[in-house]
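Heads up: the structure comes next, in structure tokens.
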Amino acid sequence: MKKIAFYILATLFTGVLFGQNEIRELPAEKIFLSCDRNLYCPGEQIIYSIYSDGISKIVYVDLFNENGAFTLSQSVIPVNNKYQGIINIPANIPPGAYTLRAYTYYQQNFDAAEFSSVPIQILSGNVDEIQYENQSEKSLIKDEAFPVAEIKIKQDTYHQREKAVVDIQPVASRGENIVMMTVSVVKKGAGIKSGSYNTPQTTEGNPLMIPEIKDPVIHGIIKDQSNSNLNLYLSEPGSEQGLRIATSDQNGYFYFPVLPYSGEKTFAITAEPGNNTDSLMILPNTSKKFPAPDTTIKPSQQLAKDMLRNAAVKQSFVKEQTIETKHPEHVNGLPGDSRYSIRLKDFIALNTLREVFTEITPYVKVRNEDGFESLAVLDDRRDILYRNPLILLDGTPVFDFEELNKIHPSKVESIDVINRRYLYGSHSLDGLIMIQSKTNDFGGYSFKDKTVFFSLKGIEQLRYVPIAPPDKYNAKNPMPDFRTTLYWNGDFTADEYSGRVEFYTSDDIGEYDIIVTGITENGIMYTSRQSFSVIKGE
């Protein structure tokens with residue numbers, strides 16, 4: 001059934017699209033990406049917001065430099081098409097021009113230069129190394145002829161630590177509904193280019209990358225095309241929960257859907273024995289094509305000095321606020337309670353696993369054909385022999401009984417047996433034998449099977465709290481307050497009449513910009529900007 005669904009989905013997205021190894025036409029997905037500013041110091045946080053208009057569930061976010069050599073990646077799941085997140089900039093990051101971009105796995109069918117992106121400049125910790133603009137506090141934000149909102153600020157000048165109230169009235173109507181707005185209040189010159197909203201149009205060719213419409217997907221290929229229709233097994237070593245089974249297509253491609261997880265996990269992919277799978281490769285979900293970043297963003301000398309000072313003060317006195325969004329826990333990959341279990345400590349010690357299977361493991365038989373030993377399972381009536389059960393050692397498939405028998409029984413905690421035909425999705429297994437070692441280290445088993453171990457970073461859990469709530473940075477707070485970003489809201493809500501933003505100014509005097517960016521349901525992005533000054537307090 002899963003194979004049928006996959007081919008139906010592929011047909012829906014291709015139609016008569018495949019010619020001589022090229023894709024002629026594909027439907028588009030749209031991504032809107034925006035962040036609080038464009039200039040950052042090492043050790044700061046990039047705060048970003050995404051609006052995703054498409055059927056893909058997973059969005060990938062990259063930060064890379066002009067050589068594609070320094071890359072940070074996240075995988076996120078928008079909620080109701082929206083997501084707010086953070087990227088922690090390492091303290092030792094090389095300075096220079098970077099790009100923050102957002103895209104789906106499916107959008108990799110298109111030219112990577114068309115992904116939605118925001119230019120980023122990371123400043124050097126040594127102010128003498130920074131290339132400066134001749135014009136102080138230059139702004140490259142385009143003032144739209146038709147802005148997204150009218151920004152009404154009560155006064156043009158504020159003192160340090162004074163409360164500011166800003167009313168924002170959306171005006172981008174013309175029959176177009178605004179699906180998402182972001183509001184950023186930053187030091188003038190730090191937010192100099194708005195985010196982007198792109199719909200990639202240029203296709204890149206076969207094979208078609210199918211949208212991740214439900215769960216994250218692990219992709220791979222066996223380059224030897226004689227391995228089409230080969231069964232492969234995905235497992236999480238140490239657990240049977242993550243077991244998945246896939247079949248390679250006529251071109252050697254295969255994929256495994258996995259439930260969303262956070263952090264980093266180790267996986268193993270094992271191919272059936274007797275096949276030439278030395279060319280098995282795990283394909284990255286993220287794009288490895290890195291267009292050259294925008295190198296036109298350069299701060300004024302005074303702004304660079306101010307930002308470096310602000311970052312140092314903030315890292316010393318202010319702790320960033322984050323909250324966690326929990327994702328569903330992994331469900332058991334092998335449902336059902338119809339299994340037989342033994343714990344080896346309950347039996348007299350035996351010398352080999354062959355003896356354990358022969359003497360005390362229910363419904364398991366050691367077979368010997370032409371000098372080749374293997375395991376089989378018998379049904380409850382012992383009149384049906386399943387010759388090729390799947391053997392899981394600490395959750396990972398193994399096929400070499402000779403190597404398995406080298407494990408001493410003293411290293412084994414338990415053995416479970418499912419002694420019946422087991423339907424797993426569209427695949428049928430001749431029963432299962434599950435061996436659990438005492439230390440989750442495979443008991444010393446040597447993987448001569450075609451098994452590839454790899455680690456993958458999961459879904460990002462962090463959701464950012466809108467920065468600078470009104471009561472945090474008031475005059476009563478004794479801590480030094482030097483912020484480059486005074487306020488950020490990646491999903492600003494305003495009705496058709498108005499919305500209100502409140503924030504406190506900081507100790508940092510100078511010019512600031514209020515930047516409002518919005519995206520309409522028809523994919524048009526608008527930006528509005530209003531400036532004010534902060535002067536020394538009385």
Under the side chain to side chain donor-acceptor pair (under 3.5 Å) test, which residues partner [X], sequence neighbours left out?
| X | value |
| --- | --- |
| Gln121 | none |
| Thr157 | none |
| Thr104 | Glu29 |

Please give me the minimum heavy-atom distance between [X] and [Y], naming the atom from each residue.
| X | Y | answer |
| --- | --- | --- |
| Gly490 | Thr182 | O-CG2, 3.4 Å |
| Cys35 | Val118 | SG-CG1, 3.5 Å |
| Ser528 | Ala149 | OG-O, 2.9 Å |
| Ile93 | Pro42 | CG2-CB, 4.0 Å |
| Tyr40 | Ile47 | OH-N, 4.2 Å |
| Arg483 | Asp481 | NE-OD1, 2.7 Å |

Residue pair Lys457, Ser75: steps toward the side chain to side chain donor-acceptor pair (under 3.5 Å) verdict:
CA-CA 8 Å; Lys457 187 178 179 181; Ser75 306; over 6 Å; no
So, [X] and [Y]: side-chain donor and acceptor under 3.5 Å apart, yes or no?
| X | Y | result |
| --- | --- | --- |
| Asp513 | Ser531 | yes |
| Ser56 | Glu212 | no |
| Glu150 | Gln530 | no |

Can you list everything that forms a salt bridge (charged side-chain N to carboxylate O under 4.0 Å, His left out) with Asp507? Sequence neighbours excluded, please.
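Scan of Asp507 (salt bridge (charged side-chain N to carboxylate O under 4.0 Å, His left out), adjacent residues dropped) gives Arg161.
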Using 0.5 Å steps for rounding, measure from the [atom1] atom of [X] to the [atom2] atom of [Y].
| X | Y | atom1 | atom2 | answer |
| --- | --- | --- | --- | --- |
| Ile151 | Gln169 | CD1 | CD | 12.0 Å |
| Phe503 | Tyr512 | CZ | OH | 10.0 Å |
| Tyr253 | Ile222 | OH | CD1 | 12.0 Å |
| Gln108 | Ser287 | CD | OG | 5.0 Å |
| Gln74 | Thr286 | CD | OG1 | 12.0 Å |
| Ile50 | Phe32 | CD1 | CZ | 10.5 Å |

[X] side chain to [Y] backbone, donor-acceptor under 3.5 Å:
| X | Y | value |
| --- | --- | --- |
| Glu66 | Asp294 | no |
| Ser196 | Ser117 | yes |
| Gln84 | Asn489 | no |
| Ser184 | Ile515 | no |
| Lys265 | Ser262 | no |
| Asn38 | Ile192 | yes |
| Lys188 | Phe532 | no |
| Asn65 | Ala69 | yes |
| Thr505 | His159 | yes |
| Asn285 | Val217 | yes |

Taking Arg244 first and then Glu236, would you say they form a salt bridge - that is, a charged N and a carboxylate O separated by under 4.0 Å?
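Judged by the 4.0 Å cut-off on N to carboxylate O distance, Arg244 and Glu236 do not form a salt bridge.
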Is any side-chain N of the basic residue among Arg309 and Asp508 closer than 4.0 Å to the acidic one's carboxylate O?
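Yes, Arg309 and Asp508 are salt-bridged.
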By side-chain contact (heavy atoms from CB on, under 4.5 Å) - contacts of Asp53 (at least two apart):
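side-chain contact (heavy atoms from CB on, under 4.5 Å) check on Asp53 returns Lys30, Tyr51, Tyr197.
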Report the C-alpha distance between Ile218 and Leu456 in whole Å, list the side-chain angles of each, state the deciding distance to 0.1 Å, and finish with yes or no for side chain to side chain contact (heavy atoms under 4.5 Å, CB included).
CA-CA 9 Å; Ile218 294 174; Leu456 283 180; 3.7 Å; yes
Among Phe110, Tyr103, Phe64, Tyr60, which residue meets the ring-ring contact (aromatic ring centres under 6.0 Å, His included) test with Phe115?
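The ring-ring contact (aromatic ring centres under 6.0 Å, His included) with Phe115 is passed solely by Tyr103 among Phe110, Tyr103, Phe64, Tyr60.
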Heavy-atom side-chain contact between [X] and [Y] under 4.5 Å:
| X | Y | value |
| --- | --- | --- |
| Leu243 | Leu234 | no |
| Met525 | Ser194 | yes |
| Val183 | Tyr487 | yes |
| Thr295 | Pro119 | no |

Check whether the ring centres of Phe254 and Phe256 lie less than 6.0 Å apart, and answer yes or no.
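Yes, the ring centres sit under 6.0 Å apart.
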Ring centroid separation for Tyr105 and His219, is it under 6.0 angstrom?
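When the ring centroids of Tyr105 and His219 are compared, they turn out to be within the sub-6.0 Å range.
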Given side chain to side chain contact (heavy atoms under 4.5 Å, CB included), test Ile168 with Val501 step by step and report yes or no.
CA-CA 8 Å; Ile168 298 174; Val501 166; 3.8 Å; yes
Would Asp36 and Thr485 satisfy side chain to side chain donor-acceptor pair (under 3.5 Å), going step by step from the backbone distance to the final call?
CA-CA 7 Å; Asp36 64 318; Thr485 300; 2.8 Å; yes
Return the orientation label for the Phe70 and Tyr98 ring planes: parallel under 30°, perpendicular over 60°, tilted otherwise.
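Plane angle over 60°, so perpendicular.
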For Asn80, look at atom CG and say whether over 12 heavy atoms of other residues, nucleotides or ligands are found less than 6.0 Å away.
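No, because the 6.0 Å sphere around CG of Asn80 holds 12 heavy atoms or fewer from other groups.
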Stepwise side chain to side chain donor-acceptor pair (under 3.5 Å) check, Ser533 with Glu511:
CA-CA 4 Å; Ser533 300; Glu511 297 291 314; 2.3 Å; yes
Residues Tyr261, Phe267; criterion ring pair (Phe, Tyr, Trp, His ring centres under 6.0 Å); working and verdict:
CA-CA 12 Å; Tyr261 64 94; Phe267 293 94; 5.7 Å; yes
Do any pairs count as a salt bridge (charged side-chain N to carboxylate O under 4.0 Å, His left out) and have a residue in residues 94-119, sequence neighbours left out, and if so which ones?
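For residues 94-119: Asp62-Arg101.
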Show your reasoning for whether side chain to side chain contact (heavy atoms under 4.5 Å, CB included) applies to Lys163 and Glu502.
CA-CA 7 Å; Lys163 185 176 182 179; Glu502 297 179 354; 3.4 Å; yes
Ser34/Ser49 under side chain to side chain donor-acceptor pair (under 3.5 Å): CA gap, chis, key distance, verdict:
CA-CA 5 Å; Ser34 186; Ser49 183; over 6 Å; no
Pair Val61, Ile87 - check side chain to side chain contact (heavy atoms under 4.5 Å, CB included), show working.
CA-CA 9 Å; Val61 181; Ile87 289 180; 4.0 Å; yes
